[in-house]
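Each chain gets a letter, A, B and so on, in the order its sequence line appears, and its residues count up from 1.
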2 protein chains.
Amino acid sequence: MINLKHLRTLTALRDTGSVSEAAERLFLTQSALSHQLKELEERLELSLFIRKSKPLRFTLAGKRLLDLADDVLPLMRGAERDLMRLAGGESGRLHAAIECHSCFQWLMPALDLFRDNWPDVELDLSASFNFAPLPALTRGDLDLVITSDPEELPGISFIPLFKYELLVAVAKHHPLASEQYLTPSLFSSETLITYPVDRQRLDIFTQFLDPANIEPAEIRTSELTQMMLQWVASGRGICALPNWALTEYLEKEFVLGKRLGQQGVWGTLYAALRTEQLELPYIEDFLRTAQDTCFNTLSGIRAVS
Amino acid sequence: MINLKHLRTLTALRDTGSVSEAAERLFLTQSALSHQLKELEERLELSLFIRKSKPLRFTLAGKRLLDLADDVLPLMRGAERDLMRLAGGESGRLHAAIECHSCFQWLMPALDLFRDNWPDVELDLSASFNFAPLPALTRGDLDLVITSDPEELPGISFIPLFKYELLVAVAKHHPLASEQYLTPSLFSSETLITYPVDRQRLDIFTQFLDPANIEPAEIRTSELTQMMLQWVASGRGICALPNWALTEYLEKEFVLGKRLGQQGVWGTLYAALRTEQLELPYIEDFLRTAQDTCFNTLSGIRAVS
DNA sequence: TCTTGGTGTTGAATTATATTCATAAATACC
DNA sequence: GGTATTTATGAATATAATTCAACACCAAGA
């Protein structure tokens, strides 16, 4: 009658607020979800949510099913994890590194969850940005690298985690504050603040300024997101950050977030791993945990279509 | 990955102790279940139970899944009931009658459960055996009759609940105690104890003695199962009862249970209802509750194939 | 040791179910 | 009112579940 697929659909609907985005997150077409919901509602002789109104609203029946999902899905997940441990062993090593400074925000909670579930896996997170992590991954010194630029490397797989939009943080009283979206040429008179890394690894250059052959008036760097935003807020520059890294500052109206071009510039965050390790139970579980954590803690991100 | 179908399969395996009987209870072929289990075990890279050995034994992984099933399936059931109530209304009437004296054993617990879940449905159980309940069902004076002889009646549906074997209770020191199974002719020198109803409604006659044209030496009647077995135990007669009505006495070795003929005589218990009421939510739920209760509380019964 | 009946397995064929594709309808947004 | 976005629908397709029919296994009895 009701099955787990339905419960996952309902939670995806709640998380995303629309049928089409829920479909994206479930890796289905919107049509598939529409059929599925129609069939379910007809069979139950109940409507589960009200489509008109954004975000969608759930009926009593829909809420009852969501409660069920909140009870049942974690139980299923827990059992699956236990079986994975039974089948594949409990121990191993997960030495991780991040290329993306803002990733601490979700990686920390994800690793905390992971540690609880896999106490016998040796965890390490390296946050030094002075070396190239991908060769270390190939060598076997690292087991996981979080990065937003995948490259063709033998033996390395890039698993997409989610898509995010690159937004430009701008002070509330900055001249650019009134623009709907930013064009490259607007940057030529601005001070751009970036992380202190190679500019080939900064999407603002590779995807936006370099194609238009525009150079900012000045470039300053900082290691710390919070510091960058302090500078932005005081009108001493602007900086490009993933939307999810910016949300808490946007909500506080500490800065404004501006779109890059009319369509926006989008990036994808990947987990890079050695291909031979992909099927290890704790690796599989980490990837799912990471993705779940991201979708739960970050707003504005989307599943990779 | 793991879904509810798998959980139901596992519990059916536990309840029945064999793949083929579990399949029967799930209304599947044994082949289907074999495929399903093979696929699941291969995907999990775990064996879930040990086939050789009867009844089958579960591995650690199998037990973990059974625990999951015991948590999850009741939650699902509860939610489905809530949705049924939301969709179809909470109130109604269920006036029941039984033709089969021994049915109190499972009907009472089933009705107790039902009352908890449908407090606004007016429940009544009539146990008077002096009137024909099926006409009353047609008239609308009753809503449910539990019976083991279905008949073609317009507007009435007979929903099979389970199959049971008719066994003959015999005192431990009775001459028949040494027989492997009983033939009709053995009855001609025996005192047979039956319920005080029309002999056309007694399977021991219609399915066993009458076809062989044999008459017991004497017939005595009693309303009460316990009384009948008292007489049997003291060697003053024998009586035919459904296996599940006999189990507690067999376990205490109060009497012995003998098969009727080499294949045994089997009956089916039905719930008779007005067809137009079949889709009422509380009726549907009652039927499922009844069947679950039977399978849980009665031993030796089988699903209707 | 050779049957035999009960059980579980297997591969191919079939059936049922889920998903997509292409398009239309509905709705929200200027 | 037009345009973009979201949802719905019917037919085609793909995937998954189930059955069928044949076979393997095993224990009990001849």
Side-chain angles (χ1 to χ4, degrees), chain A residues 1-10 12-44 47-59 62 165 180-181 259 261-264 266 300 302-303 305, chain B residues 1-10 12-44 47-59 62 165 180-181 259 261-264 266 300 302-303 305:
Chain A
M1 194 169 180
I2 300 161
N3 60 34
L4 298 174
K5 180 184 68 179
H6 296 128
L7 299 187
R8 286 190 252 268
T9 298
L10 270 279
L13 281 174
R14 176 181 53 192
D15 290 354
T16 61
S18 90
V19 177
S20 30
E21 209 179 327
E24 186 173 64
R25 182 160 312 183
L26 295 166
F27 303 104
L28 289 173
T29 61
Q30 164 274 341
S31 170
L33 226 55
S34 183
H35 280 295
Q36 179 188 124
L37 287 163
K38 180 188 155 96
E39 191 273 349
L40 181 63
E41 289 187 319
E42 272 174 10
R43 192 152 39 76
L44 296 175
S47 93
L48 297 174
F49 62 98
I50 297 132
R51 274 103 164 135
K52 38 195 157 201
S53 93
K54 213 180 151 174
L56 51 78
R57 287 173 44 73
F58 291 93
T59 63
E165 185 175 1
Q180 261 236 307
Y181 58 90
R259 174 158 282 194
Q262 209 163 2
Q263 312 305 320
W266 290 79
R302 313 200 63 172
S305 42
Chain B
M1 193 173 184
I2 299 160
N3 60 32
L4 298 174
K5 181 184 69 180
H6 296 129
L7 300 187
R8 285 190 251 269
T9 298
L10 269 280
L13 282 175
R14 175 180 54 190
D15 289 354
T16 60
S18 90
V19 177
S20 31
E21 211 179 324
E24 186 173 61
R25 182 160 310 182
L26 295 166
F27 303 105
L28 290 173
T29 61
Q30 165 273 359
S31 169
L33 228 54
S34 185
H35 280 294
Q36 180 188 125
L37 287 163
K38 180 188 154 93
E39 191 271 349
L40 181 63
E41 290 186 320
E42 273 174 8
R43 191 150 41 75
L44 296 175
S47 94
L48 298 173
F49 62 97
I50 297 131
R51 274 98 163 140
K52 38 196 161 199
S53 93
K54 219 181 144 175
L56 53 79
R57 289 172 44 73
F58 291 92
T59 63
E165 184 175 3
Q180 262 235 310
Y181 57 90
R259 174 155 283 194
Q262 212 164 356
Q263 312 306 321
W266 291 78
R302 313 198 65 174
S305 42

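In this structure, the nucleotide among dG10(D), dA17(D), dG11(C) sitting nearest to the side chain of Ser31(A) is dG10(D). Counting only heavy atoms from C-beta on, Ala32(A) has its side chain closest to dT19(C) among dT18(D), dT19(C), dT7(C). Side-chain proximity of Leu28(B) to dT9(C), dT18(D), dT20(C): nearest is dT18(D). Closest to the side chain of Lys52(A), from the set dT19(D), dT9(C), dA28(C), is dA28(C).
The existence of a salt bridge linking Glu39(B) and Lys5(B) is excluded, since no basic side-chain nitrogen approaches an acidic carboxylate oxygen closer than 4.0 Å.
Taking atom CD of residue Gln30(B) and atom P of nucleotide dC20(D), one finds them 12 Å apart after rounding to whole Å. When rounded to the nearest whole Å, the span between CG of Leu40(B) and P of dT9(C) equals 13 Å. Atom CD in Glu24(B) sits roughly 16 Å away from atom C1' in dT19(D) (whole-Å rounding). Taking atom CG on Asn3(A) and atom C1' on dT17(C), their separation rounds to 11 Å, with Å as the unit. Distance Glu39(B) CD to dG8(C) C1': 18 Å, rounded to the nearest Å.
Residue contacts shown for Leu33(B) are absent, as no nucleic acid heavy atom lies under 4.0 Å away. Residue Ser20(A) is in sugar-phosphate contact alone, with no base atom involved, counting any heavy-atom pair closer than 4.0 Å across all strands shown. Backbone-only contact: Lys38(B) has heavy atoms under 4.0 Å from sugar-phosphate atoms and none from a base.
With hydrogens and angles ignored, no donor-acceptor pair under 3.5 angstrom links the side chain of Gln36(B) to the base of dA17(D). With hydrogens and angles ignored, no donor-acceptor pair closer than 3.5 Å exists between the side chain of His35(A) and the base of dT7(D). You won't find any donor-acceptor pair under 3.5 Å spanning the side chain of Ser34(A) and the base of dT9(D), going by distance alone.
No cation-pi contact links Arg25(A) to Phe27(A), judged by a cut-off of 6.0 Å to the six-membered ring centre and 45° from its axis.
Here the shortest heavy-atom pairing between Ser47(A) and Thr59(A) reads O-OG1, 2.7 Å.
A distance of 14.5 Å separates CZ in Arg57(B) from CZ in Arg14(B), rounded to the nearest 0.5 Å.
Looking at heavy atoms from C-beta onward, Leu37(A) lies in side-chain contact with Leu13(A) at the 4.5 angstrom threshold.
Regarding contacts with the backbone of dC25(D), every side-chain N or O of Arg51(B) stays at 4.0 angstrom or more from both OP1 and OP2.
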